[in-house]
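What you see is a predicted model, and the numbers here were worked out from it, not measured in a lab. Lettering follows sequence order; numbering is per chain, from 1. All values below come from the heavy atoms of this structure, side chains included, with hydrogens, waters and symmetry mates left out.
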Amino acid sequence: MTPPVIDARDLSVRYTIGHGLLTPKVHLNAVDGVSLRIERGNFFGLVGESGSGKTTLGRALLRAAPISGGEVIYQDSEVRYDLRSLAKPQLKDYRKRAQLIFQDPYAALSPRMTVRDIIAEPLEVMGLTASREETDARVREIAAKCRLNLEHLRRFPHAFSGGQRQRISIARALVSGPRFVVADESVAALDVSIQADVLNLLKAIQRDMGISFLFISHDLSVVAHVCDHVAVMYLGRLVESAPTRALFSRPRHPYTSALLSAIPSLDPDDRGSAEKLEGEIPSPTAPPPGCKFHTRCRFARERCRVEVPALREIGPEHVTACHFAEEFDFTRAHGPAHAGAAGG
Amino acid sequence: MTKPLVSVQDLTIRFRTDEGLVTAVEDVAFDIAPGEVLGLVGESGSGKSVTAKALMRLNAGNTRYDPASRIVLNLPEGEVDVLGLKRERDMMVVRGGAISMIFQEPMASFAPAITVGEQMVEQLLIHTSLTRAAARDLSIEMLARVGIPEPARRFGQYAFEFSGGMRQRAMIAMALSTRPRLLIADEPTTALDVTIQAQVLDLMKDLVREFGMAILFITHDLGVIAQTADRVAVMYLGRIVEKGPVRQVIRAPAHPYTLGLLNALPRLDDLDAELTPVPGDIPSPLERPHGCVFHTRCPVAIARCREEVPPNSVQPGGRQVACHLVAAEAPAEAVG
């Protein structure tokens, strides 16, 4: 069996706020002891509300956020890196192997560079090609994969629509030949008709080039459609992780269930049946004790207020961090909010 | 039959730009009844925000309304011809009076250096005859009504001290405190997390019932429309291509564009369904297609679509569709 491309154990990212001179030092655990494995060639989804730490986790896996605790192993068919202790040349090499696609295709592209130069820049900065001809050939090849033609390459980004710009961003991320790509809300800023196009492109890239993706999104219906495996975060902790189908058909954590239930149903007759999550995500500087979700959980009991639930296996590749995952059927109370819908 | 609260007829809006006149909205017509929620759906650039802003005359100085355009408000005090209003003072009848508006980004709607409470009081002093003390009491009451804990303390805080969801609630409280007849909600939940979105949508539904006001709900999210609207109008490139009761339009879309939007949508009831993008890109407003504006991306376009603007055909149930093929034949097949 091939080892996973990313194997994170007890990964933490901790920031210190305030200098401690006049104000007390406050620690913020943006990512708090997360363990996850991204299998090679997998499309791995990461969901959660704003402030759940999903972006920070993605950055940490790219070594773009400081890893304060735990261990992360990256492994492809050529190298094996311990991300916490990378020497400079290794880190440089890792930059080539792991890439990021941003959310906003309008902010991510320099307006003063042609599309060709935007896509070629990583090759030049990393010194991956020996000649201009080689660079051009590589740019053309990757542009074609992202359905950009030669005519497009001569133009500037302002001439492109949101969907085309996102294809340019994707081409730029892929040009160095990465094996692992973090796509952080990469379709969130796009209209649905274009979103479908970009999602199909990402899936084709995963299939054809065997690239592993960490797909970070707040949109569960998108995640349900493209991801093989989904992990759910809440206040820096992983609360549930499972193969997509298992997670959506039977969530084993009340937070996952609440998230699913909050998606507006396309059925106009299915109004108000959704279970509503009360309140908001607490501040990460003062997380609740015990299970961090207990302040908003309608199943919470005394034990949840004092004891941090461990992430434990509850099905094949299915883990949950809930004391009462066996006891309660979290989906029962609110009916099939994510099942019934329109259709002819 | 009662008169509609808002009646929009032949609305055509153009912007004067360096590249010439750009048409943003063309021949748009719709009514909103008192207490009704009309959803306005469309992609970026479809003209939905420009249409909504026209109701309050909030479009920029380079805006040109075609002479035939009419926006009429039927208020108890009498009829208001919105596009005929000349003086800023007269527009106050509409702005913050009969109509309030809430936006996607509430941070941009609150002045950063004035407390939330002060801003709420200020607009009440302008639009109502309340005393300062009464305005303060009403504001705190409204903050409580929209579910903001400790409203009296929150009243004295600044917008940056509020979370995103709380800011959106405060904006709704402010917009509703003047008791408008119509609330224009422009993507009010787009920037919010789904759990918070569900709370805000619930709140809005409660308030419609309680205050009996109408809502023009602008969004790109058909799920949000299905959950809130009574009727829906689908816009593409400045035109309404389909409008009708929300069940009819979402369950059995008749216009190829509406069908395309639904087919592009990832749905939780069918994880195996292919996501089918609407082919091509939305054309630049400078190159508006002749005939049907959608024909450049329409999978079923015929020669006639390239030349003739399709008329609105009215179907049983009240739905209107602007498509040559629908006018000629039976409705397009339903999605799913």
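Closest of all the heavy-atom pairs between Ala246(A) and Ala242(A) is CB-CB, 4.4 Å. Nearest approach of Glu185(A) to Lys54(A), heavy atoms of both residues: OE2-CE, 3.9 Å. The two residues Ser265(A) and Gln227(B) come nearest to each other via the heavy atoms O-NE2, 3.1 Å.
Contacts of residues 221-228 of chain A with chain B at a heavy-atom distance below 4.5 Å involve Ser221(A), Val222(A), Ala224(A), His225(A), listed in sequence order. Within residues 156-166 of chain A, the residues having any heavy atom closer than 4.5 Å to a heavy atom of chain B are Ser161(A), Gln164(A), listed by residue number.
With sequence neighbours left out, the side-chain hydrogen bond (donor to acceptor under 3.5 Å, both in side chains) criterion links Arg296(A) to Glu49(A), Tyr234(A). Phe213(A) meets the ring pair (Phe, Tyr, Trp, His ring centres under 6.0 Å) test with Phe43(A); sequence neighbours excluded.
Atom CD of Glu278(A) sits in a sparse spot, with 12 or fewer heavy atoms from other residues, nucleotides or ligands closer than 6.0 Å.
Under 4.0 Å is where a charged nitrogen must lie from a carboxylate oxygen, and between Arg251(B) and Asp267(A) at least one such pair does. A salt bridge links Arg147(A) with Asp197(A): the closest approach of a Lys/Arg side-chain nitrogen to an acidic carboxylate oxygen falls below 4.0 angstrom. Between Arg252(A) and Glu240(A) there is no salt bridge, since no side-chain N of the basic residue sits under 4.0 Å from a carboxylate O of the acidic one. Taking a cutoff of 4.0 Å between a charged side-chain nitrogen and a carboxylate oxygen, Arg145(B) and Glu210(B) qualify as a salt bridge.
A heavy-atom distance below 4.5 Å is found between the side chains of Thr256(A) and His253(A).
Heavy-atom pairs under 4.5 Å with chain A were tallied for Ala226(B), Ala264(B), Ser44(B); the largest tally goes to Ala226(B). Counting heavy-atom pairs under 4.5 Å between each of Leu201(B), Val246(B), Val278(B), Thr195(B) and chain A puts Thr195(B) at the top. Per-residue counts of heavy-atom pairs under 4.5 Å with chain A were compared for Leu265(B), Thr228(B), Thr276(B), Val224(B); the largest is that of Thr228(B). In terms of heavy-atom pairs under 4.5 Å with chain A, the best-connected choice from Ser163(B), Gly164(B), Pro279(B) is Ser163(B). Between chain A and the options Asp272(B), Ile225(B), Leu222(B), heavy-atom pairs under 4.5 Å are most frequent for Asp272(B). The candidate from His218(A), Arg245(A), Lys203(A) with the greatest count of non-hydrogen atom pairs under 4.5 Å with chain B is Arg245(A).
Side-chain polar atoms of Ser241(A) and His318(A) form no donor-acceptor pair below 3.5 angstrom. With hydrogens and angles left out, the side-chain atoms of Thr190(B) and Gln104(B) include no donor and acceptor closer than 3.5 Å.
Both the backbone and the side chain of Leu259(A) come within less than 4.5 Å of a heavy atom of chain B. Proximity to chain A (any heavy atom under 4.5 Å) is shown, for Glu274(B), by neither the backbone nor the side chain. Contacts between Asp269(A) and chain B at a heavy-atom distance below 4.5 Å involve backbone atoms as well as side-chain atoms. Looking at Ile282(B), there are no atoms closer than 4.5 Å to chain A (heavy atoms on both sides), in backbone or side chain.
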So His255(B) and Val234(B), side-chain contact (heavy atoms from CB on, under 4.5 Å) or not? Walk me through it.
-> CA-CA 9 Å; His255(B) 195 281; Val234(B) 183; over 6 Å; no
